[in-house]
Structures are given as structure tokens and as C-alpha cells.
Amino acid sequence: MVGASSSWGHALVKISPYTFSALGIAISIGVSVLGAAWGIYITGSSLIGAAIKAPRITSKNLISVIFCEAVAIYGVIVAIILQTKLESVPASRIYDAESLRAGYAIFASGIIVGFANLVCGLCVGIIGSSCALSDAQNSSLFVKILVIEIFGSALGLFGVIVGIIMSAQASWPTKA
């Protein structure tokens, strides 16, 4: 069956915009939490290992775990923002271009935020791991590496900003 009715574009247009919106919201929160968990795993395992040599590093290097947890909070915040963008649309207008655009905008916003926070969580986790190991060897390196970790954490904020800008495109048709 080759033809216009079997194309991917035709199939995507027939999927409800609410489905795309729900997937975007789920990806935003789910992948952000995955990034945070992965970062905490990387940082935490190095922190525990380095604390055997230098127990003094345990409390001050918990800031790296907090930075990783902030990544999950970014995803939750954007999911709440995206959820507020959903509006009721009459069944006769559900597949209008405006409805599809709103659904795709929320979907794209969720993907952007989710994957930006996944990468941010990994970045912060790896830098936090390096911070713990370096601090165990030489305590003067802690602040220097912490500044780099702050820059890595800013990547997640960039994803949130882009996601909010993308979600501004979501306007559903009126009930008229």
C-alpha cells in the first residue's frame, strides 16, 4: 500500500493533539528525573568512594547532589507549565491546524526540556564526581570545580527557557 493515505505525515496528523501534549509533558518530567537520577548516581558513588580517604568532603560535596536534584525540579516545573497550556476543544475542531500546532508545540517543548535536563544531569554528575575526587586530594580545588559545575547546571536552565518559549506557541482553537 503505497500512497498518500499510508504516509507517516498522514498518520501523524490523525493522532490526537492531546496525545502529543500528554507525551510531551510525560517526557519533560520523566527524562528530567532520569537525568537527575543518573547524575546523583555518578556523583554519589564517587563521593562515597572519595570520603573513605577524606571524610571531611562528605558534607560540602553534597552541593553536587543538590545541583543534580535541581534538574528534576526543572522538569517538574515545566510539566506544570505545560499542563496549564491544555484547553478543552470541541470535537469538531480537534484536528484543525491550530489544534495540531498547539499539540506539537507542547510535545516539542517537553522533548527539549527533557533531553536538555538529561544531558545537564549527566554533566553535573560527572563534574560533581570530579569535584569530590579532586577535593579529596586537594581541598583548594573545590571552589574552582564548583564554578564549573554551576556553568554545567545552567544548561538545564537554557533548556527550560527554550521549552517555555516553544510552549508559548500553543494556542488552542476557541469554542466558537
Side-chain angles (χ1 to χ4, degrees), residues 12 15 17-86 103-170:
L12 290 176
I15 297 173
Y18 288 113
T19 302
F20 280 108
S21 298
L23 283 173
I25 293 168
I27 289 170
S28 171
I29 195 167
V31 178
S32 294
V33 169
L34 178 65
W38 204 346
I40 290 170
Y41 169 72
I42 293 169
T43 297
S45 58
S46 295
L47 179 59
I48 290 170
I52 293 171
K53 179 183 184 303
R56 65 177 169 72
I57 71 164
T58 305
S59 59
K60 72 178 179 179
N61 276 285
L62 283 178
I63 190 75
S64 298
V65 174
I66 294 168
F67 280 149
C68 289
E69 190 59 37
V71 171
I73 293 170
Y74 297 157
V76 170
I77 290 169
V78 170
I80 291 169
I81 291 170
L82 294 179
Q83 184 70 31
T84 63
K85 297 282 186 181
L86 294 178
Y104 294 150
I106 293 173
F107 179 67
S109 178
I111 286 179
I112 289 167
V113 171
F115 284 99
N117 285 331
L118 175 68
V119 173
C120 176
L122 284 171
C123 175
V124 170
I126 292 169
I127 296 171
S129 171
S130 300
C131 187
L133 296 173
S134 299
D135 189 24
Q137 292 294 322
N138 182 356
S139 63
S140 67
L141 295 175
F142 176 75
V143 175
K144 296 173 185 172
I145 297 178
L146 188 65
V147 170
I148 296 169
E149 192 170 7
I150 291 168
F151 288 131
S153 182
L155 295 174
L157 284 175
F158 293 149
V160 168
I161 291 167
V162 170
I164 291 171
I165 291 169
M166 285 294 299
S167 71
Q169 303 294 321

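Throughout, residue positions are numbered sequentially from 1 according to the sequence presented.
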So, for A79 and I29, which heavy atoms are closest and what is the spacing to 0.1 Å?
CB-CB, 4.1 Å
Can you give me the closest heavy-atom contact between R56 and A136, atom names plus distance?
NH2-O, 3.7 Å
Indicate yes or no for a side-chain donor-acceptor contact from S109 to the backbone of A105 under 3.5 Å, with no hydrogens or angles considered.
no
When you look at N138 and S134, which way does the side-chain contact (heavy atoms from CB on, under 4.5 Å) test go after all the steps?
CA-CA 6 Å; N138 182 356; S134 299; over 6 Å; no
For the student: nearest non-hydrogen atoms of G152 and V124, plus distance:
C-CG2, 3.9 Å
Can you tell me how far CD1 of I57 sits from CD1 of I52, rounded to the nearest 0.5 angstrom?
10.0 Å
Tell me which pairs pass side chain to side chain donor-acceptor pair (under 3.5 Å) where either residue lies in residues 24-43, with sequence neighbours left out.
S32-N117
Rounded to the nearest 0.5 Å, what separation is found between the CD1 atom of I150 and the CG atom of L146?
4.5 Å
Ignoring hydrogens, what is the shortest heavy-atom contact between I145 and C131? Give both atom names and the distance.
CG2-CB, 3.5 Å
Measure the spacing between CG of L34 and CG of L122 and express it to the nearest 0.5 Å.
8.0 Å
Applying side-chain contact (heavy atoms from CB on, under 4.5 Å), run through F115 and V31 and close with a yes or a no.
CA-CA 6 Å; F115 284 99; V31 178; 4.2 Å; yes
Using the side-chain contact (heavy atoms from CB on, under 4.5 Å) rule, pick out the option among L82, I27, I112 that qualifies with F107.
I27
Roughly how far, to the nearest 0.5 Å, is the CD1 atom of I106 from the CD atom of Q169?
11.5 Å
Which donor-acceptor pairs under 3.5 Å do side chains of residues 62-73 form with protein atoms, sequence neighbours excluded?
unit_1: S64; atom_1: OG; unit_2: E149; atom_2: OE1; d: 3.0
unit_1: S64; atom_1: OG; unit_2: E149; atom_2: OE2; d: 3.0

Is the OH atom of Y18 crowded by more than 12 outside heavy atoms at less than 6.0 Å?
yes
Which atom names give the shortest non-hydrogen contact between G156 and C120, and what distance separates them?
N-SG, 3.4 Å
Distance check, rounded to the nearest 0.5 Å: I40 atom CD1 versus L47 atom CG?
12.0 Å
For T58 and A51, which heavy atoms make the closest approach, and how far apart are they?
OG1-CB, 3.4 Å
Nearest-0.5 Å distance that lies between atom CG in D135 and atom CD in Q137:
10.0 Å
Validation row: V113, Y74 side chains within 4.5 angstrom (heavy atoms)
no
